[in-house]
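See below for the structure under consideration.
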Amino acid sequence: MPEMIEVEYYRRVAERLVGHSLAGVVAPDAWYLKGNTTARALQVALRGTTLTGTDRIGKLLLLETDGPTVGLRFGMTGRLLVDGEGPIEKLEYASGRGDPVWVRFGLRFEGGHTMQIEDPRRLGGVELAPDVGHLGVDALVIGAAALRRGLAASRAPLKAWLLDQHHVAGIGNLLADEMLWQAGLDPARVASAVDDREAKRLHVHLRRTITQLMARGGSHTGDLQVARRRGATCPRDGAPLQRRTIGGRTTYSCPAHQC
DNA sequence: ATTGTGGCCTGCCCGC
DNA sequence: TGCGGGCAGGCCACAA
C-alpha cells in the first residue's frame, strides 16, 4: 500500500511534468474531492497555471503551481499514473489489473501529458491548497532528539504513536511493524517508557528501514513481510509471531526479540 | 489537550 | 460454479 515510500516514487514521476502548464481537470468522482472543493473550482483555480515543483510530506504529495498547490492522497490502493504509466505495477492489497472506472482524478497538461490517480477503493483524495499545519515532520527528516522528546510526552502505545501523522508523517502499518521488528521493540510498549538508548535505536532503524525498503522497491519488501500472516514464525529467531491489534491496526511482532 | 473506537470505501480471497 | 462473509488500512468524525 502507499506509505511514504510509494508516495515518494509517485513524486518522482510527477516531477517529470514540472514546467508544463495545466490544460484541464478531470474529476469524475465528486467523493474524491476533499475540503469542499468541486471539479469546477479546481478547473477555475488550476487551468493555465504551470506546475512549478513537487513536494511530499509523509504520505501527502504536493503539486506546486504558480497558482494554488494541489494535495494528493492515495489512501491504501491509490496509484499515480503519469502519461498512463505508474512507477509501481502492483500494490499490496490491490490487484494488478486496471480498470478505467478506477481513475478518480486526472490533470491534463499542455502537449497531451496526463497525471491520473487510479484508486479502486476510493480511500485517497484530492484537495486544493491543503492545510499541512497538522502534519508532523516527515519520517526521513525527524531527528533522534525530536523522536525521543515526542515519545517521552506520550502514554500511547509505541506503534500508535508512530502511526499518528501529527507526530511523524509517513509511517503506515507495514513500515511501523517492520521498523519495530528491526529495532527489537515491542509495539505495545507505552511510548514514554522507551528509554533514551532505545529511542536512539528506534531512530536508527526508522531511517534504515525506510531507506532500505525504498531501495528494495516498496514498503512491502521488509524482512518481516513474509511472516505477516496467521501462524507464521519470526524470520529472525523462529519464535511464533504474535498477532494483535495495536493503534487500531493488525500488528505482527516477535515476543522473543521485541521487548 | 490526548487517546481510543468505529465507519467509510470496495476488491479479493476463502470456504461452502 | 457462484455466493457471502471477512479482511485489508489511511483517514476522519466523534467520544471520553
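Chain naming here is simple, since letters A, B, ... match the order of the sequence lines and numbering starts at 1 in each.
Listed by residue number, there are no residues of residues 27-42 of chain A with a heavy-atom contact under 4.0 Å to DNA chain B. Residues from residues 154-173 of chain A lying near DNA chain B, meaning a heavy-atom separation below 4.0 Å, are A:Ser154, A:Arg155, A:Ala156, A:Pro157 in numerical order.
The residue A:Arg230 sits close only to the backbone: its heavy atoms come under 4.0 Å of sugar-phosphate atoms, none of a base. If you check every strand for non-hydrogen atoms under 4.0 Å, A:Gly248 touches nothing. When heavy atoms are screened at a 4.0 angstrom cut-off, A:Arg122 is found touching the sugar-phosphate backbone but no base atom.
Note: A:Tyr10 and A:Phe74 have tilted aromatic rings, judged against thresholds of 30 and 60 degrees for the angle between ring planes.
As a whole-Å value, the separation of A:Gln225 CD from C:dA8 C1' is 12 Å. Counting to the nearest Å, the P atom of B:dT10 and the CG atom of A:Asp119 are 10 Å from each other. We find that CZ of A:Arg121 is positioned 10 Å from C1' of C:dG10, with the value rounded to whole Å. Distance A:Arg104 CZ to C:dG10 C1': 16 Å, rounded to the nearest Å. A straight line from NE2 of A:His134 to P of B:dT2 spans 14 Å, rounded to a whole angstrom. In this structure, the CD1 atom of A:Ile246 is 13 Å from the P atom of C:dG9, given to the nearest Å. One can place CG of A:Leu175 at 18 Å from P of C:dA8, the figure rounded to the nearest angstrom. Residue A:His220 contributes atom NE2, which lies 14 Å from atom P of C:dG9 at whole-angstrom precision.
Remark: A:Arg228 is in phosphate contact with C:dG9, judged by side-chain N or O atoms under 4.0 Å from OP1 or OP2. Using a 4.0 Å cut-off, some side-chain N or O of A:Thr250 falls inside it from OP1 or OP2 of C:dG9. At C:dA8, none of the side-chain N or O atoms of A:Arg229 fall inside 4.0 Å of OP1 or OP2 (strictly under the cut-off).
Summarising the geometry, atom CG belonging to A:Leu213 is positioned 9.0 Å from atom CG belonging to A:Leu174; distances are rounded to the nearest 0.5 Å. With rounding to the nearest 0.5 angstrom, the CG atom of A:Leu224 is 7.0 Å from the CD atom of A:Gln258. Once rounded to the nearest 0.5 Å, the distance linking CG of A:Leu72 with CG of A:Leu107 reads 7.0 Å.
When atom types are taken as modelled, the side chain of A:Thr37 and the backbone of A:Leu33 share no donor-acceptor pair closer than 3.5 angstrom.
The side chain of A:Leu174 has C:dG9 as its nearest neighbour among C:dC11, C:dG10, C:dG9. For A:Trp102, the side-chain atoms get nearest to B:dC12 when compared with the rest of C:dC12, C:dA8, B:dC12.
At a cut-off of 3.5 angstrom, the base of C:dA8 holds no donor-acceptor pair with the side chain of A:Arg249. At a cut-off of 3.5 angstrom, counting only N and O atoms as typed in the model, there is no donor on one side facing an acceptor on the other between the side-chain of A:Arg73 and the base of C:dG10.
A:Glu8 has a carboxylate O that lies under 4.0 Å from a charged side-chain N of A:Arg11, or vice versa, which qualifies the two as a salt bridge. Taking the charged nitrogens against the carboxylate oxygens, A:Asp119 and A:Arg73 have no contact shorter than 4.0 Å, which rules out a salt bridge.
The only option from A:Arg228, A:Gln182, A:Arg249 that meets the side chain to side chain donor-acceptor pair (under 3.5 Å) definition with A:Asp177 turns out to be A:Arg228.
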Side-chain donor-acceptor contacts of residues 231-240 of chain A below 3.5 Å, not counting sequence neighbours, with atom names and distances?
residue  : atom : partner  : partner atom : Å
A:Asp237 : OD1  : A:Ala239 : N            : 3.1
A:Asp237 : OD2  : A:His257 : ND1          : 3.2

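Hydrophobic clustering keeps A:Ile246 apart from A:Leu175 (ILVMFWY residues linked when any side-chain heavy atoms are closer than 4.5 Å, directly or through intermediates).
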